[in-house]
Amino acid sequence: MGKVRVELPGGKSVEVDRGALVREVAARAGIDGDIVAAKLDGAAVDLSRAIERDCALEWIRLDSEDGIDILRHSTAHLMAQAVQSLYPGTQVTIGPTIEHGFYYDFKRDKPFSPEELEKIEARMHEIAGKDLKVTREEMPRSAAIDIFRRMGEDYKVEILKDIPEETVSLYRQGDWVDLCRGPHVPSTGVIKAFKLTGVAGAYWRGDEKNEMLQRIYGTSWPTESALKDYLKLLEEAKNRDHRRLGKELDLFSFHPVAPASPFFHPKGAAVYNGLITYMRRLYARYGYQEVITPQIFDVELWHRSGHYDHFRDSMYFSRIEDREFGVKPMNCPGHTYIYASKKRSYRDLPLRYADFGRLHRYEKSGVTAGLTRVRSFSQDDAHIFCAPDQIEAEMTTLLKMLREVYRTFEFNEMQVKLSTRPEKYLGSLDVWAHAEDALAQSLKREGIEYKLNPGDGAFYGPKIDFEVFDALRRGWQLATIQLDFQMPERFGLMYVAPDGAEHRPVMIHRALLGSIERFMGILIEHCAGAFPLWLAPVQVKILTVTDAQKDYARGVHEELIAAGWRAELDERNEKLGYKIREAQLEKVPYALVIGDREVKESTVAPRRRGGENLKAAPVKEFMEMLRTEVAQATHERPA
RNA sequence: GCUGGCGUAGCUCAACGGCAGAGCAGCUGAUUUGUAAUCAGCAGGUUGUAGGUUCAAAUCCUAUCGCCAGCUCCA
């Protein structure tokens, strides 16, 4: 029996017999029991893996990122074992880990009920308690196919047929076996802190045309306390849910008479308009011109733009005087008519048309959600018409503008995706290649990291999407920048170049907030309903201590209103503590307490949302402070 | 659209085949109050909607609308 040399973390190395197990090396190195696997020359392996050659080993601890991932994967297996022991005849398919947990898809005629979920969870604890050894075995793919075919696991057979490798690995725990690459925890006893969190239907291989499987979601953690912390986090996320806050803060509501279409109450409308006002100020600085375009167009336009072919199923139509009209789902075709309303010179370009027009898109009933996915909305939409050689400069400015906006709202975590040519597309291949390259180059030049999303572009051009996350960590696309060589062609747009000849302009579709509705929903969750001063629906609430200060308080209120602040006066006959509490729950940035002292000294006593009491000061001084705060937050000079 | 779950007072929830109830909010009155809830009284409902089963339905069944989670989709 030969020897092999194993390098260990920290520069140490040991010599062991060829064929020694990773676990044994760990024991010799004096590593305690909380490692679940190891990396052998960088590849994750089980503790039971035999070492056959010189190599380097790193330990994977249970509480490390890799360790937790292995734990969750093993928990998915444990669940599948529990399910199959409780419900024979249920087939297994796939069971990957996801952020915070795992799922496993089963083929079973009957869906799992919540009660069955409890039973499964109980059985899982039972099996984990037996501390079954988890073992790996390798075999030729054909042998594995035989095994699963005999077991009646049709889906596993199908998966195996698609695996390119000739050797596959199986994992056993007790009498249960699954096809898996691994690695896994050494025994089921390691799995202690888990919870099944939900059931849902899911299509086999994610395709709507395939049959539906029964998916069970779960979460799993190294310790009970980590699990508890996670469940508490979920609970807190619920309190941030914009649908809940929208109701509590009286921002908006929904009604079955208009499904998936928000009613913005006065306070919600104040925020909504605040967002638009903010964008308008930016437009002034960045050279945009606002336009207003029709709501309903002859379908001829939608045929010409290509939207009819691609999206007629999600458009609203109306027939009047034997003419067919379509409600606009996008502003862009409308803008081409303004462009084409006169002869354009290269001197006019770039032309930047902004439009807050209301759009309607029929979204399938199962996909709508609060403000984040609605059927009626508007965007901070704009279309830039420019010469091809202006694309680069426009992209640079756009990315700068985008950064300014997202810094203002303190969205620091964002995922950028470059989406390329889809299966259904318009135009020629080399135009697409050129456009995709232009976008990639501009991202690289700005040093923005991005993920490639092949085949996910719009039908008329590639796009860059900017995704941010809601309270439950679900990603939502807000900003988007799209290059379009098709629309100008379809609508015959031209400009006269210095050479005197007519050339075709390029169109850049872009929205920074994206849908105002969606942006507002995400923003509510981001700030937990505590809007920055400049956006808060009520910026200042004036609270009287007793009736004796009513007259003075009304004067203060009027002064604030006259200066343009959104202020409310609470002169009710209630105790100050009660009024403070209400102002706090309404998340009003500033409460102004007015008692006899303030009246006598002609001041107001500001209290910041959150509890900080500021020194009493004259109203004028207080307003000066507000102005400074707004200017700083919106990166503008004080008015 | 698909799978599952849920719809009771403005809100949060109880009653789970046998008289629809509580807290908060609302209204009225008392209290005149200094930094997160003063007290008392009153009012509030075709239990989402439409059918059905039953002596009797919020409760069981069917359909439908809406909401929630997930899947698919997202110009």
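In what follows, chains are A, B, ... by sequence order, proteins preceding strands, each numbered from 1. Note that the coordinates shown come from a computational prediction; the quantities given were computed from them, not determined experimentally.
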>> Side chains of Thr544(A) and Lys579(A) only: does a donor on one sit below 3.5 Å from an acceptor on the other?
In response: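 Yes, Lys579(A) and Thr544(A) have a side-chain donor paired with an acceptor closer than 3.5 Å.
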Is [X] near enough to [N] that one of its side-chain N or O atoms lies under 4.0 angstrom from OP1 or OP2?
| X | N | value |
| --- | --- | --- |
| Arg243(A) | rC68(B) | yes |
| Arg474(A) | rA69(B) | yes |
| Arg244(A) | rC67(B) | no |
| Lys110(A) | rU3(B) | no |

Side chain of [X] - closest among [options]:
| X | options | value |
| --- | --- | --- |
| His307(A) | rA75(B), rU38(B), rC71(B) | rA75(B) |
| Glu598(A) | rG34(B), rC74(B), rA36(B) | rG34(B) |
| Ala458(A) | rA36(B), rG34(B), rA75(B) | rA75(B) |
| Arg215(A) | rU38(B), rG70(B), rC68(B) | rG70(B) |
| Ala605(A) | rC73(B), rU38(B), rG34(B) | rG34(B) |
| Leu585(A) | rC71(B), rA36(B), rG26(B) | rA36(B) |
| Arg373(A) | rC74(B), rA36(B), rG34(B) | rC74(B) |
| Asp596(A) | rA36(B), rU3(B), rG34(B) | rG34(B) |
| Pro256(A) | rC65(B), rC74(B), rG34(B) | rC65(B) |
| Lys463(A) | rG34(B), rG70(B), rA75(B) | rA75(B) |

Heavy-atom closest contact ([X] atom, [Y] atom, distance):
| X | Y | answer |
| --- | --- | --- |
| Ala80(A) | Val92(A) | CB-CG1, 4.0 Å |
| Leu576(A) | Leu543(A) | CD1-CB, 4.2 Å |
| Asn210(A) | Tyr203(A) | O-CD2, 3.6 Å |
| Glu598(A) | Val593(A) | CG-O, 3.6 Å |
| Phe102(A) | Ser220(A) | CE2-CB, 4.0 Å |

So for [X] and [N], does any side-chain atom that can act as donor or acceptor lie under 3.5 Å from a complementary atom in the base?
| X | N | answer |
| --- | --- | --- |
| Ser314(A) | rA75(B) | yes |
| Arg361(A) | rC73(B) | no |
| Gln214(A) | rG70(B) | no |

>> Heavy-atom nearest nucleotide on RNA chain B for Ala548(A) versus Pro606(A): which residue maps closer to 5'?
In response: Ala548(A)
> Nearest nucleotide by nearest heavy atom, which residue falls closer to the 5' end of RNA chain B, Thr546(A) or Ala369(A)?
Replying inline: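 Nearer the 5' end of the strand: Thr546(A).
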Between [M] and [N], how far apart are the [atom1] atoms? Round to whole Å, please.
| N | M | atom1 | value |
| --- | --- | --- | --- |
| rA57(B) | rU47(B) | C1' | 10 Å |
| rC71(B) | rG45(B) | C1' | 38 Å |
| rG4(B) | rA9(B) | P | 27 Å |
| rA14(B) | rU28(B) | C1' | 28 Å |
| rA63(B) | rC13(B) | P | 28 Å |
| rC65(B) | rG48(B) | C1' | 7 Å |
| rC68(B) | rG52(B) | P | 32 Å |
| rA75(B) | rA58(B) | P | 47 Å |

> Atom OG in Ser261(A), atom CZ in Arg375(A): separation rounded to 0.5 Å?
Replying inline: 7.0 Å
> Which dot-bracket string fits RNA chain B when only Watson-Crick or G-U wobble pairs with both atom distances under 3.5 Å count, crossing pairs get [ ], and | stands for a partner on a different strand?
Replying inline: (((((((..((((....[..)))).(((((.......))))).....(((((..]....))))))))))))....
>> Are more than 12 heavy atoms, taken from residues, nucleotides or ligands other than Lys107(A), located less than 6.0 Å from that residue's NZ atom?
In response: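 Atom NZ in Lys107(A) is packed in, count exceeds 12.
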> Out of Phe459(A), Phe317(A), Phe297(A), which residue meets the ring pair (Phe, Tyr, Trp, His ring centres under 6.0 Å) rule with His307(A)?
Replying inline: Phe459(A)
Mind checking if [X] touches a base, just sugar-phosphate, or nothing, with heavy atoms under 4.0 Å?
| X | answer |
| --- | --- |
| Ala260(A) | sugar-phosphate |
| Gly611(A) | nothing |
| Lys209(A) | nothing |
| Gly461(A) | nothing |
| Pro329(A) | base |
| Phe254(A) | nothing |
| Tyr103(A) | nothing |
| Gly577(A) | sugar-phosphate |

Could you check how far [atom1] of [X] sits from [atom2] of [N], rounded to whole Å?
| X | N | atom1 | atom2 | value |
| --- | --- | --- | --- | --- |
| Asn453(A) | rA75(B) | CG | P | 11 Å |
| Glu574(A) | rC27(B) | CD | C1' | 13 Å |
| Tyr578(A) | rC39(B) | OH | C1' | 13 Å |
| Phe106(A) | rG4(B) | CZ | C1' | 16 Å |
| Gln477(A) | rA75(B) | CD | P | 7 Å |
| Ile481(A) | rA75(B) | CD1 | P | 16 Å |
| Arg518(A) | rC74(B) | CZ | P | 13 Å |
| Phe459(A) | rC74(B) | CZ | P | 12 Å |

> If you measure from the Lys or Arg side-chain nitrogens to the Asp or Glu carboxylate oxygens, is any gap between Asp241(A) and Arg243(A) under 4.0 Å?
Replying inline: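 Looking at Asp241(A) and Arg243(A), the cut-off is met.
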> With no hydrogens and no angle check, is any side-chain donor or acceptor of His242(A) less than 3.5 Å from a backbone partner on Leu371(A)?
Replying inline: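 Yes.
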